Structure formats: C-alpha cells, structure tokens
Amino acid sequence: MCDTEVITVRAPSGPVSLACGGVEMIAYGTEPPAGAVIDPDKAGGTQLGKRYADDAGTLELLCTKGGAGTLTVDGVVIPIKDAKPLPSSD
C-alpha cells in the first residue's frame with residue numbers, strides 16, 4: 001500500500017507498533033495485507049535518505065526508499081531527525 005522502506009538504526013528495548021500510512025509495517029519480501037490503504041491523515045510521505053527519530057531518542061530509522069505514508073510509532077508521528085550542528089571554525 002506504500003513504497004516506503006526503512007532500516008532500523010536504533011531500536012527501543014521493548015516492543016513497539018511501527019506503522020507507515022496508518023498500516024503496520026511488514027518485513028521486506030512479505031506480502032502486504034489484502035485491502036490495506038493509506039490513512040489520508042497519515043499520508044505526509046517519507047523522504048529517501050532522511051533519518052526519522054522519536055522524541056525520546058529510542059527509535060531511529062533510515063529511509064532507504066521514499067513513499068506516500070507517514071511513519072508512526074505507537075500511533076505518534078516520527079519526525080525527521082535534526083542534523084547535528086557543525087562546530088564553529090572561528
């Protein structure tokens with residue numbers, strides 16, 4: 001239902017519900033559930049090459065293939081991770 005593919009960079013210690021477009025993500029190579037469609041409220045898209053991290057810093061994902069769905073963990077949108085500022089060279 002969505003082309004998004006991610007690699008887990010940092011995983012939380014316990015189980016979480018990872019979804020994209022409002023539908024639970026599946027392992028690579030697994031057939032998606034029949035009739036799955038993107039939730040219009042979770043159709044913000046994912047961007048290739050961007051890292052997504054939860055606010056607690058316990059989950060970090062790298063997007064290897066962009067898609068139409070928005071990534072969520074336990075129903076909360078996962079924002080794009082901010083870049084670290086470079087040190088000043090003054």
Side-chain angles (χ1 to χ4, degrees):
M1 67 99 222
C2 177
D3 291 334
T4 298
E5 292 179 11
V6 297
I7 293 175
T8 303
V9 176
R10 181 179 302 122
S13 58
V16 295
S17 174
L18 181 61
C20 187
V23 178
E24 189 79 21
M25 292 194 79
I26 56 175
Y28 182 76
T30 305
E31 288 295 317
V37 294
I38 294 177
D39 178 349
D41 293 334
K42 296 192 173 71
T46 52
Q47 298 177 29
L48 173 66
K50 297 292 184 182
R51 289 179 183 253
Y52 292 81
D54 65 351
D55 292 334
T58 59
L59 175 68
E60 185 175 334
L61 306 168
L62 172 62
C63 182
T64 57
K65 185 175 180 184
T70 298
L71 293 169
T72 60
V73 63
D74 295 333
V76 178
V77 173
I78 307 171
I80 293 177
K81 184 177 179 182
D82 292 330
K84 292 182 182 177
L86 296 173
S88 177
S89 62
D90 292 345

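Bear in mind the structure is a predicted one, so any value in this text is a computation, not a measurement.
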Applying side chain to side chain contact (heavy atoms under 4.5 Å, CB included), run through Ser17 and Glu24 and close with a yes or a no.
CA-CA 7 Å; Ser17 174; Glu24 189 79 21; 2.8 Å; yes
Rounded to the nearest 0.5 Å, the CD1 atom of Ile26 sits from the CD atom of Glu31 at a distance of 7.5 Å
Could you list who else is in Leu71's hydrophobic cluster, with ILVMFWY side chains joined at under 4.5 Å, directly or through other members?
Val6, Val16, Leu18, Met25, Tyr52, Leu59, Leu61, Val73, Ile78, Ile80
Using every non-hydrogen atom in the two residues, find where Ala43 and Ile38 come nearest and quote the distance to one decimal.
CB-CG2, 3.7 Å
Flag, side chain of Thr46 to backbone of Thr4, donor-acceptor distance under 3.5 Å:
no
For Asp55 and Pro79, work out which heavy atoms get closest and say how close.
OD1-CG, 4.0 Å
Atom CG of Leu62 and atom NZ of Lys50: how far apart are they, to the nearest 0.5 Å?
11.0 Å
Would you name the heavy atoms of Gly69 and Cys2 that are closest together and state the gap between them?
N-SG, 3.2 Å
For the residue pair Ala19 and Gly22, what are the closest heavy atoms and their distance?
CB-C, 4.3 Å
With side chain to side chain donor-acceptor pair (under 3.5 Å) as the rule and sequence neighbours excluded, what pairs involving residues 68-85 come up?
Glu60-Lys81
